[in-house]
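Note sheet for the following structure.
Bear in mind the structure is a predicted one, so any value in this text is a computation, not a measurement.
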There are 2 protein chains.
Amino acid sequence: MIDPNADRAVFRQLADLLRDRILSGKLAPGEKLPSELRLTQEHGLSRTTVRQAMAILRSEGLVVVDRPRGTKVRTTEPTETVTLRKGDTASTRMPSPAERRDLDLAEGVPVVVITRADGSTELYPGDRTRVGR
Amino acid sequence: MIDPNADRAVFRQLADLLRDRILSGKLAPGEKLPSELRLTQEHGLSRTTVRQAMAILRSEGLVVVDRPRGTKVRTTEPTETVTLRKGDTASTRMPSPAERRDLDLAEGVPVVVITRADGSTELYPGDRTRVGR
DNA sequence: AGAGATTTGTCCGTATGTATT
DNA sequence: GAATACATACGGACAAATCTC
């Protein structure tokens, strides 16, 4: 359970608890998390604290908000493979808001940056891309 | 400036403003951002709103917190190249808190997951890794 | 040693808006 | 219209770490 006297912040403890449920499969992809109101009641917390926990899970890419139906466990997308040719390299980083919109990325999903041998670059959605050779 | 009546939320406008200063180089890597208190005063906002803006920049990997000295523009790290052999693939995602600690990652920095031809996987810090062939 | 200032972190409360069911 | 659920924004209070005098 959640211990207000523990070293770890309460909102982090709540995020840990929900993350465990997601990673263990108790909360399956597509399934709705308890609403913020329910979480405040079940754990005796303010809505601010609950929202901080949810923000962590969003930033980790574990959940997506389907407003105003609720917050759901993110479903895994089918991936396409991008092939690295000789001289190409790949890197990753978080997208800007504009890039997020262009690539239709959820919060907490990185972008893959392919740098071709000629110096040109291409951006790919991190949740739908694998890099191969 | 920041317009409370605009379509875009105030904290997003503030994040946009600071992001512009970072990406344009007006705020150089390693340099300190204005403190939260200063930002509340300069823009007439509550600390909650300022903190929401800062959270965006952290989640984008643009700034790191050096507490209690302040929040600074993230410096770029030298990268090592990981070589992809035949049958290997690479993907990316946000790390769990445990992985963040193990790899010493700042907020808003993804991990690179290398899946070798034999099925084994390796994790690398997204800000210090390039994938080549 | 100590006191005070600074800065971010954590937590609470309230209010209102917007979109969907 | 009512109920639900998340988003935005304000306010206050105290803690912890660091720096300055």
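In this structure, E60(B) contributes its side chain and P95(A) its backbone to no donor-acceptor pair below 3.5 Å. No side-chain donor-acceptor contact under 3.5 Å links E31(B) to the backbone of V73(B). When atom types are taken as modelled, the side chain of E99(B) and the backbone of S96(B) share a donor-acceptor pair closer than 3.5 angstrom. The backbone N or O of G126(A) lies less than 3.5 Å from no partner atom in the side chain of T129(A), so there is not a single donor-acceptor pair. Using modelled atom types, no side-chain atom of R116(A) and backbone atom of D88(A) make a donor-acceptor pair closer than 3.5 Å. Formation of a donor-acceptor pair under 3.5 Å by the R133(A) side chain with backbone atoms of L84(B) is found in this model. Panel note: side chain Q13(A), backbone D3(A); a donor-acceptor pair is recorded below 3.5 Å.
Rounded to 10 degrees, the angle between the two end axes of the helix from dG2(C)-dC21(D) to dT21(C)-dA2(D) is 10°, with five pairs used at each end.
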Pairs under 3.5 angstrom, nitrogen or oxygen only, protein versus nucleotides 3-7 of chain C, please.
{"unit_1": "dT7(C)", "atom_1": "O4'", "unit_2": "P68(B)", "atom_2": "O", "d": "3.2"}

Is there any protein nitrogen or oxygen under 3.5 Å from a nitrogen or oxygen in nucleotides 10-13 of chain C, and what are the pairs?
{"unit_1": "dT10(C)", "atom_1": "OP1", "unit_2": "R12(A)", "atom_2": "NE", "d": "3.2"}
{"unit_1": "dT10(C)", "atom_1": "OP1", "unit_2": "R12(A)", "atom_2": "NH2", "d": "3.1"}
{"unit_1": "dT10(C)", "atom_1": "OP2", "unit_2": "R12(A)", "atom_2": "NH2", "d": "3.1"}
{"unit_1": "dC11(C)", "atom_1": "OP1", "unit_2": "V10(A)", "atom_2": "N", "d": "2.8"}
{"unit_1": "dC11(C)", "atom_1": "OP2", "unit_2": "V10(A)", "atom_2": "N", "d": "3.2"}
{"unit_1": "dC11(C)", "atom_1": "OP2", "unit_2": "F11(A)", "atom_2": "N", "d": "3.3"}
{"unit_1": "dC12(C)", "atom_1": "OP2", "unit_2": "S46(A)", "atom_2": "N", "d": "3.2"}
{"unit_1": "dC12(C)", "atom_1": "OP2", "unit_2": "S46(A)", "atom_2": "OG", "d": "2.9"}
{"unit_1": "dC12(C)", "atom_1": "OP2", "unit_2": "T49(A)", "atom_2": "OG1", "d": "2.2"}

**Study point:** salt bridge (Lys or Arg N to Asp or Glu O under 4.0 Å) between E77(A) and R128(A), worked out
**Key:** CA-CA 6 Å; E77(A) 305 292 332; R128(A) 283 166 272 161; 5.3 Å; no
Practice item. Go through E80(A) and R130(A) one step at a time and tell me if the salt bridge (Lys or Arg N to Asp or Glu O under 4.0 Å) criterion holds. Key: CA-CA 6 Å; E80(A) 284 183 33; R130(A) 292 198 72 82; over 6 Å; no
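Residue L37(A) belongs to no hydrophobic cluster, having no ILVMFWY side-chain heavy atom closer than 4.5 Å to its own.
Not a single side-chain hydrogen bond (donor to acceptor under 3.5 Å, both in side chains) links R12(B) to another residue, sequence neighbours left out.
When the shell of 6.0 Å around CG of D7(B) is examined, it contains 12 or fewer heavy atoms from other residues, nucleotides or ligands.
Taking the 5' to 3' direction, DNA chain D first and last meets chain A under 4.0 angstrom from a heavy atom at dA5(D) to dT8(D).
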